[in-house]
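Numbering of ligands and ligand atoms starts at 1, following listing order. Numbers for residues simply follow the sequence, beginning at 1. As the structure is a prediction and not an experimental result, all values here were calculated from the model.
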Amino acid sequence: MASTTEPTTAYVDEIAGSDETGLGSEAAPFKTAIKALEKLGENAKVLIKKDAEGFKDISGAALKKAKKTLVEQQRKAKKLEEQKAKQEEEQKKKAEDEAKALEAAKSIVLTEDSSLPAAKKIKIRQGVESRGQRVKVSGWVHRLRVQGKDMMFVILRDGSGFLQCVLTGKLCHTYDAITLTTESTITVHGVINALPEGKTAPDNHELVVDYWYVVGKAPGGDEAFNNKVTQDADPSYLLDNRHLVLRGETSAAVMKARAEVIKAFRAHYDSRGYTEVTPPCMVQTQVEGGSTLFEFNYYGEKAYLTQSSQLYLETCLPSLGDVFCLAESYRAEKSHTRRHLSEYSHLEAELAFITFDEMLDGLEDLMCDVIDRIMDNAETRKLIEQLNPGFQKPARPFLRMKYADAIQYLKDNDIKKEDGTFYEFGEDIPEAPERAMTDKINRPILLTHFPAEIKAFYMQRCQDDRRLTESVDVLMPGVGEIVGGSMRMYDREELLEAYKKEGIDPAPYYWYTDQRKYGTTPHGGYGLGVERFLAWLLNRYTVRDCSLYPRFTGRCTP
Ligand code: 4AD
């Protein structure tokens, strides 16, 4: 019988053993002698297996080495533990000190110095003209930099601009100052001073704060704005958080540019004598084919969200003359592309008593005049340069190219379908080849004279070739089609025939057909996708970035 003082036997298999799962038994050996000593005590009898020969007594030298290593390991572990405990103690003390400081900070209350002149409420854009006066500005903390205990820099944002605010001394000691977070709303009082040479801040000035308070605190920690919205986040997550993303400098610049672009379009139409109208979004007719209609139940009747206001614009010509509208159009586009939305801002115009060539001239005039207006405005030009550095106004005249020549161009330039064959006359030129061609030509193109089969039912046919229509797409490098337009059939019989061919019941279109009954005239117009125009102008990868809250397949939130 073995005595109780006899050392335990520890089995070590350097090949098949495991220090993690081993027990030191013959069946479950350790991998190292060190582990064996650690687990079964330094007096353990170690049997070691290094090869196929089986377990043997460990050599004296190997045992000595293992014991030394174990002692060293244990010493290091102890030291680490001590360090950890010390750190924890320090952290605890720091947290306690901070909590105490925060508690103490709660008793620091700022009061406005009543001997100072009353602060005048301004928007940040009024900063330059308000320098030297005491002002009051409210906004969101866009950026925050704390410099020691007695100085804080806040870049304040109010949508009209950015303003550096500097807080010193007691202003930085309050509970709100210590816990201030980005995106909190605050009101600051003080004087805006020009910055000396060499220092930079928005508008080259800063507001020296003498009094301030928090309006609404934004969360810190995991919920903090900067942890929620990061540039490298998943696009779908960013779309879910579009309401927050819009606060970012780039998105805000796009939305500002969008507002200015819309203003320029309106100014253009105003200067050319067009009247703006506001057609309905709920309709009972289609314009651009049944496959992209959004249908809904309208008090028990079938109705749709409008695909285009064109038909309504046509009805305005006899009373208002040339008209335009900016309305939302809706397309149930199943394809996920970078230029398709389910809801988009559609700028449409309609003109009476014109020829096709006059319409093309008008389109070129629209594009160029609007770009001139945008670039002549210093503020807007700055936005364009910020978003699309090196933007050049397109040269006039735009290239005019017939559809048939585009088909030839694709062949000449080896631009093929996915199956390796060429596009043939009569086929629609889809997005990819269209963009490949436009990018290669690298200037705006008025692509005209599409075959009737691939265009909408209402398009006027060419006098000299009845297979073709008086139709146009404006193509821009980087985006492709941004405008679609045409002359309209103005002969009543021809239109009735066109309904039939398209399988459209003419009954709901009675009001549209009547245009051809009560004083018809050659007329035409076009629709411009505002988001596509912006994607081109601002060099955005997708139209989604140019829409406030983009809607596309699978997204109707927020
Ligand atoms: O070429 P489209 O379908 O033409 C019409 O709707 C005409 N009824 C317009 C008219 O003559 N009054 O659309 C016109 C433009 C396109 O060139 C494109 O810029 C934009 O509208 N568009 C879209 N933009 C974003 N997403 C979509 N799903 C779009 N579909 C068309």
Is the terminal nitrogen or CZ of K417 (NZ for Lys, CZ for Arg) located under 6.0 angstrom from the six-membered ring centre of Y423 and within 45° of that ring's axis?
yes
Taking T521 for its side chain and H523 for its backbone only, find out whether a donor-acceptor pair lies under 3.5 Å.
no
Please evaluate residues L548 and L246 with respect to the criterion side-chain contact (heavy atoms from CB on, under 4.5 Å), reporting the C-alpha separation (whole Å), side-chain torsions for both, the decisive distance (0.1 Å), and the verdict.
CA-CA 8 Å; L548 190 67; L246 283 169; 3.9 Å; yes
Between Q307 (side chain) and V287 (backbone), is there a donor-acceptor pair under 3.5 Å?
yes
Would you check if the side chain of S342 reaches a backbone N or O of A332 as a donor-acceptor pair within less than 3.5 Å?
no
Sort out the contact shell of ligand 1: every protein residue with a heavy-atom distance below 4.0 Å, listed by chain and number.
V287, E288, S308, Q310, R331, E333, R339, H340, L341, Y344, H346, E348, Y458, E481, I482, V483, G484, R488, G525, Y526, G527, G529, R532
Return the minimal non-hydrogen interatomic distance between C546 and R258, and the atom names on each side.
O-NH1, 2.9 Å
